Colleague: 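Before I ask anything, here is the structure I am working with.
Counting starts at 1 for both ligands and their atoms, following the listed order. Remember, predicted model here, so these are calculated numbers, not experimental data.
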Amino acid sequence: MEPRLGNPRKTIEIIQKYQFVFRKQFGQNFLIDTHVLDKIIAAADVTKDDTVLEIGPGIGTMTQALAEAAGRVVAVEIDDNLIPILAETLADYDNITVIHDDILKVDIRELAAEYNGGRPIKVVANLPYYITTPIIMGLLEGDAPIDNITVMVQREVAERMQEAPGSKNYGALSLAVQYYAEPYLVANVPPNCFIPRPNVGSAVIRLKKYEAPPVKTTDPALMFRLIRASFNQRRKTLLNGLSHAADLPYTKEQIAAVIAEAGLDANVRGETLILAQFAALAELFCGQECEK
Ligand code: SAM
């Protein structure tokens with residue numbers, strides 16, 4: 001078998017052989033550090049019983065390592081130019097399926113049904129940074145069976161996912177991640193672990209999905225509307241933020257009454273609230289209606 005691609009010399013050889021041109025619009029920064037690869041796979045807790053979805057296999061560096069650890073790997077790649085390269089670099093593996101598609105258009109629930117009999121899959125990726133949030137939100141909010149998501153993201157985004165009130169990075173993404181999953185920062189990764197080098201720092205984060213969310217809400221969609229309205233206008237009080245939101249039907253008086261009923265100060269700012277407080281507000285807005 002050829003040496004694994006995590007070896008930088010082998011990666012450069014493949015890139016030169018195919019005269020591959022990196023496409024910035026696809027967020028292409030290929031990993032060239034086997035220690036980082038091994039850390040990602042260990043953190044994802046991949047075993048031979050697992051089916052893994054890899055988003056954006058690139059030239060197949062992580063795909064090879066995943067195929068050695070997992071039962072099956074399904075890798076979704078958008079770039080036409082990488083498909084013939086993957087055919088060569090993954091030729092020695094019989095447990096990999098490459099799907100040539102845009103991950104944002106793939107039905108992950110169907111994919112889990114087809115390749116894992118509907119049982120929970122693990123998601124592992126060195127993500128294209130330009131679509132980190134839609135990918136993560138799609139995986140968390142969708143109804144696909146997922147055990148954990150272990151991904152390389154921009155360091156600042158990894159921090160945002162774990163933030164608590166008081167930090168300038170605390171926001172709708174922090175709350176959404178914390179509603180669906182337990183975040184754990186696996187490692188910070190410097191730019192020299194990739195070619196080409198990204199101009200931002202990176203980090204590997206693992207999101208272990210909860211079986212049940214840590215807070216109770218009858219209407220999670222309403223809770224997320226409240227969260228978005230609060231952070232869309234961070235400098236405003238919660239009362240003003242919610243009363244100016246186009247997708248919330250409540251009058252200013254109703255909102256003021258709910259804020260008081262929740263035991264919050266009339267001038268509280270939304271960015272100071274934790275997930276449990278947004279859940280409690282959503283319950284109060286729901287009132288009788290959501291219990292029907
Ligand atoms: N996994 C490889 C590695 O670690 O070396 C490549 C990672 S690179 C950061 C991101 C990969 O995602 C690229 O291969 C890129 O072409 C692919 N990609 C970008 N947008 C995509 C999309 N919408 N759907 C699927 N793959 C995408």
Colleague: When clusters are formed by joining ILVMFWY residues with side-chain heavy atoms under 4.5 Å apart, either directly or through shared neighbours, do Phe231 and Val268 land in the same one?
Modeller: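 In one cluster: yes.
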Colleague: Evaluating non-hydrogen atoms only, which member of Thr11, Asn126, Val153 is closest to atom 7 (C) of ligand 1?
Modeller: Asn126
Colleague: Short list, please: which atoms of ligand 1 are under 4.0 Å from a heavy atom of Val76?
Modeller: 25 (C), 26 (N)
Colleague: Give the cluster check for Val177 versus Leu185: same hydrophobic cluster or not, with ILVMFWY residues linked at side-chain heavy-atom distances below 4.5 Å.
Modeller: no
Colleague: With a 4.5 Å heavy-atom cut-off, do Val153 and Ile205 have their side chains touching?
Modeller: yes
Colleague: So, is Ile131 polar-close to ligand 1, with some N/O to N/O distance under 3.5 Å?
Modeller: no
Colleague: Under a 4.0 angstrom heavy-atom cut-off, which atoms of ligand 1 come close to Ile78?
Modeller: 18 (N), 19 (C), 20 (N), 21 (C), 22 (C), 23 (N), 24 (N), 25 (C), 26 (N), 27 (C)
Colleague: List every atom of ligand 1 that sits less than 4.0 Å from any heavy atom of Glu54, numbering the atoms from 1 in the order shown and giving each element.
Modeller: 1 (N)
Colleague: Starting from atom 6 (C) of ligand 1, locate the nearest protein heavy atom and write down its residue, its atom name and how far away it is, to 0.1 Å.
Modeller: Gly56 O, 3.4 Å
Colleague: Is there a donor-acceptor contact under 3.5 Å from the side chain of Glu77 to the main chain of Gly58?
Modeller: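 Present.
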Colleague: Is Tyr129 close enough to touch ligand 1? Criterion: a residue heavy atom under 4.0 Å from a ligand atom.
Modeller: no
Colleague: Of the protein's non-hydrogen atoms, which lies at the shortest distance from atom 2 (C) of ligand 1, and what is that distance?
Modeller: Pro57 O, 3.3 Å
Colleague: Do any N/O atoms on Gly58 end up under 3.5 angstrom from N/O atoms on ligand 1?
Modeller: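 For ligand 1, there is an N or O atom that lies under 3.5 Å from one belonging to Gly58.
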Colleague: If we only consider heavy atoms of Asp101, is any one of them less than 4.0 Å away from an atom in ligand 1?
Modeller: yes
Colleague: Which atoms from ligand 1 have a heavy atom of Asn29 less than 4.0 Å away?
Modeller: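 Close to Asn29: 7 (C), 8 (S), 9 (C).
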Colleague: What atoms of ligand 1 come closer than 4.0 angstrom to any heavy atom of Leu82?
Modeller: 14 (O), 16 (O)
Colleague: Would you confirm whether the ring centroid of Phe30 sits within less than 6.0 angstrom of the ring centroid of Phe20?
Modeller: yes
Colleague: For residues Glu163 and Asn169, report the shortest heavy-atom separation together with the two atoms involved.
Modeller: CG-CB, 3.8 Å
Colleague: Show your reasoning for whether side-chain contact (heavy atoms from CB on, under 4.5 Å) applies to Glu68 and Ile41.
Modeller: CA-CA 10 Å; Glu68 279 160 29; Ile41 288 164; over 6 Å; no
Colleague: Under 4.0 Å from ligand 1, counting heavy atoms only, is it the side chain of Ala125, its backbone, both or neither?
Modeller: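 It is neither; nothing of Ala125 touches ligand 1.
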Colleague: Distance under 4.0 Å to a non-hydrogen atom of Leu127: what atoms of ligand 1 satisfy this?
Modeller: 9 (C)
Colleague: Should we say atom CD of Gln25 is surrounded by more than 12 heavy atoms from elsewhere, each under 6.0 Å from it?
Modeller: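 Buried by this count: over 12 neighbours within 6.0 Å.
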Colleague: Pick whichever of His100, Gln28, Glu77, Arg23 has a heavy atom sitting closest to atom 14 (O) of ligand 1.
Modeller: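 Selected option, by shortest heavy-atom distance: Glu77.
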Colleague: What distance separates Leu207 CG from Ile146 CD1, expressed to the nearest 0.5 Å?
Modeller: 10.0 Å
Colleague: Look only at interatomic distance and state if Leu31 has a nitrogen or oxygen under 3.5 Å from any nitrogen or oxygen of ligand 1.
Modeller: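 By distance alone, the answer is yes.
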Colleague: Got the closest protein heavy atom to atom 19 (C) of ligand 1, with its distance?
Modeller: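 Checking every protein heavy atom, the shortest distance to atom 19 (C) of ligand 1 gives Phe26 O, 3.1 Å.
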Colleague: If you measure from atom 8 (S) of ligand 1 to every heavy atom of Gly27, Gly6, Ala75, Cys193, which option wins on shortest distance?
Modeller: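 Considering heavy atoms of Gly27, Gly6, Ala75, Cys193, the nearest to atom 8 (S) of ligand 1 sits in Gly27.
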Colleague: Should you measure from each heavy atom of Asp102, which atoms of ligand 1 turn up under 4.0 Å away?
Modeller: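 Taking each heavy atom of Asp102 in turn, ligand 1 has 22 (C), 23 (N), 24 (N) under 4.0 Å.
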Colleague: What is the minimum heavy-atom distance between Asn29 and Pro198, and which atoms define it?
Modeller: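 That would be ND2-N, 3.7 Å.
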Colleague: How close do Leu239 and Ala266 get, heavy atom to heavy atom, and via which atoms?
Modeller: CB-O, 4.4 Å
Colleague: More than 12 foreign heavy atoms under 6.0 Å from CZ of Arg23: is that the case here?
Modeller: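 Yes, CZ of Arg23 has more than 12 neighbouring heavy atoms, counting only those of other groups under 6.0 Å.
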